[in-house]
Amino acid sequence: MSSGSAARATSLFFRHLLLPAGWARNVRVKIEGGLISATDADADARPDDERHDCGLPGMPNLHSHAFQRGMAGLAERRGPTGDSFWTWRDLMYRFVERMTADDVRVIATLAYIEMLERGFTRVGEFHYLHHDRGGARFADIAEMSGAIAAAAADSGIGLTLLPVLYCHAGFGGQPPRPDQARFILDLDGYARLLEGADRAVAALPDGVVGTAPHSLRAVSPGQLKQLEQLTAGRPVHIHIAEQVKEVDDCVAWSGQRPVEWLLDHADVDGRWCLVHATHMTDAEATAMARSGAIAGLCPITEANLGDGLFPAEVFLSAGGRYGVGSDSNVLIDCAEELRLLEYGQRLARRERNVLARGAGRSTGADIYAAALDGGATALGVAAGLTIGAPADIVSLDLRHPSLDGREGDAITDSYVFAAGSRAIDCVWRRGDKLVSGGVHRDRSRVATYYRAALGKLVA
Ligand code: NGQ
Ligand code: ZN
């Protein structure tokens with residue numbers, strides 16, 4: 001990533017800018033060393049200011065498995081019997097079998113470029129592909145973590161790396177399946193991986209390393225406790241209650257439902273991100289909200305995999321916080337995640353404007369603000385365009401017919417529900433303009449490598 005423009009002081013001028021307090025007019029944003037040093041509203045543009053119509057803070061993408069971008073669209077053909085999340089997972093395992101560290105790096109770089117083009121400026125990479133083909137150990141246990149960090153560096157996206165502990169095939173410590181061999185670690189290995197991940201991410205300007213017990217299926221209660229001790233103070237992400245079978249298996253194993261079990265057996269607080277948390281009783285949704293944990297919602301993937309619908313109303317009325325993730329990366333698009341989040345609720349409830357926080361409030365603006373705050377918290381960084389924060393900004397072209405003449409929250413509504421990511425013009429990461437006219441500066445070069453890698457993998 002070139003840091004030419006990030007190094008010196010620059011100023012951007014926006015006719016409309018979404019600041020933490022809401023939309024402001026005629027804002028000069030001063031950027032020094034990639035960080036915001038001032039946001040002056042109702043200002044006059046100066047001759048050297050780079051002028052834009054409209055800017056929003058870049059959205060954190062709190063849950064990604066970057067390598068799955070390589071199989072986008074390749075799991076949509078009906079199989080012999082009952083297609084489900086579990087048959088999809090078998091296909092996904094087969095796809096990952098042949099991937100080298102170089103393949104992962106190239107596929108992740110393209111995925112991250114697309115995230116930047118579609119409104120995300122930081123990614124939480126839930127990273128569990130640790131070993132070489134056939135489960136062979138790399139000389140450096142953090143080789144694959146290094147490939148992810150390199151993809152973040154090459155694309156310019158902010159990275160919160162979440163090295164995953166994956167030990168078992170199911171509840172009660174079931175031995176892993178052969179096709180899970182590339183994921184498996186014990187706690188000693190995990191401790192070494194974490195050190196390697198810290199080293200890999202230290203090369204990035206604002207990298208964060210969290211921790212991720214994969215799921216209650218893959219990690220035993222004893223391992224979860226040890227992991228908590230090993231990783232104190234870091235963001236903790238876990239997949240939970242995504243599928244009904246997982247809930248049933250958890251009840252058969254423990255007598256409790258997954259979210260119920262977790263809240264009873266771990267110190268779940270605001271450092272935690274519970275990814276999916278789809279299948280919860282009202283009591284679980286209320287207790288989860290009160291714990292302060294962030295719900296990691298991935299509407300496009302949850303729809304694609306047939307997971308089910310998050311109990312948003314109960315969760316939000318208990319004060320729950322959420323962010324969004326692109327998970328399987330079958331389609332990468334911030335506005336589309338936010339739109340589908342609301343549309344799922346509308347379809348199920350046969351109501352409108354479900355996620356707006358009260359009468360007279362804008363649905364798009366409330367979802368955008370909630371996902372910004374929840375996503376940043378989950379990824380261990382500050383939210384929004386505040387002084388001292390990285391200048392991670394997405395500009396919209398207000399000449400788009402669906403945005404023409406819009407002001408204030410109507411901009412957010414029209415972006416999320418009408419124009420979508422086609423209205424994205426430029427994207428800055430730490431003050432560096434990576435995307436112009438909706439296209440990342442390295443897209444075509446990286447797409448060439450990507451096609452070569454895929455040509456080999458999808459033969
Ligand atoms: C994953 N994906 O880690 O990529 C999982 C599948 C598993 C989702 N849960 C693997 N959507 O759950 O074991
Ligand atoms: Zn996931």
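Counting starts at 1 for both ligands and their atoms, following the listed order. Just so it is clear, the values below take in all heavy atoms, side chains as well, and ignore hydrogens, waters and symmetry mates. Note that the coordinates shown come from a computational prediction; the quantities given were computed from them, not determined experimentally.
Scanning the protein for heavy atoms near atom 9 (N) of ligand 1, the closest one is Glu242 OE1, 2.6 Å. The closest protein non-hydrogen atom to atom 4 (O) of ligand 1 is Tyr128 OH, 2.7 Å. At the shortest separation from atom 3 (O) of ligand 1 among protein heavy atoms lies His214 NE2, 2.8 Å. Closest to atom 12 (O) of ligand 1 among all protein heavy atoms lies Arg217 NH2, 2.8 Å.
Taking backbone and side-chain atoms together, His239 has an N/O/S atom less than 2.8 Å away from the Zn ion (ligand 2). The nearest N, O or S atom of His276 is not closer to the Zn ion (ligand 2) than 2.8 Å.
Residue Leu305 approaches ligand 1 through these ligand atoms, each under 4.0 Å from one of its heavy atoms: 11 (N). Each of the following atoms of ligand 1 lies closer than 4.0 Å to a heavy atom of Asp327: 11 (N). Numbered from 1 in the order shown, with element, the atoms of ligand 1 that lie under 4.0 Å from a heavy atom of Tyr166 read 13 (O). Atoms of ligand 1 found under 4.0 Å from any heavy atom of Phe85, numbered from 1 in the order shown, are 8 (C), 9 (N), 11 (N), 12 (O). Every atom of ligand 1 is numbered from 1 in the order shown, and the set under 4.0 Å from a heavy atom of Arg89 is 6 (C), 7 (C), 10 (C), 13 (O).
A tilted orientation is assigned to the rings of Trp261 and Trp253, their planes being inclined by 30° to 60°.
Shown are Val435, Ile393, Asp392; of these, the side chain to side chain contact (heavy atoms under 4.5 Å, CB included) with Arg429 is made only by Asp392. A side chain to side chain donor-acceptor pair (under 3.5 Å) with His239 holds for exactly one of His63, Glu246, Arg217, His276; it is His63.
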Item to check | Working for side-chain hydrogen bond (donor to acceptor under 3.5 Å, both in side chains), residues Tyr93 and Arg89 | outcome: CA-CA 6 Å; Tyr93 282 177; Arg89 195 179 71 155; 3.3 Å; yes

Item to check | Steps toward ring-ring contact (aromatic ring centres under 6.0 Å, His included) verdict (His65, Tyr128) | outcome: CA-CA 8 Å; His65 309 288; Tyr128 60 90; 5.3 Å; yes

Next on the checklist: Let's go through Phe417 and Glu342 carefully: what are the C-alpha distance in whole Å and the side-chain angles of both, what is the deciding distance for side chain to side chain contact (heavy atoms under 4.5 Å, CB included) to 0.1 Å, and is it a yes or a no?
Outcome noted: CA-CA 10 Å; Phe417 291 103; Glu342 167 71 17; 3.8 Å; yes

Item to check | Stepwise side-chain hydrogen bond (donor to acceptor under 3.5 Å, both in side chains) test for Asp103 and Thr100 | outcome: CA-CA 5 Å; Asp103 296 332; Thr100 65; 3.1 Å; yes

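Between Arg430 and Asp206, at least one side-chain nitrogen of the basic residue sits less than 4.0 Å from a carboxylate oxygen of the acidic one, meeting the salt-bridge criterion. With respect to the salt-bridge test (charged N to carboxylate O, under 4.0 angstrom), the residues Asp90 and Arg94 do not qualify.
For Gln243, the heavy-atom gap to ligand 1 stays at 4.0 angstrom or more. Ligand 1 lies less than 4.0 angstrom from a heavy atom belonging to Tyr93. Residue Gln180 places no heavy atom under 4.0 Å from ligand 1.
Within the 4.0 Å heavy-atom criterion, neither part of Phe67 lies near ligand 1.
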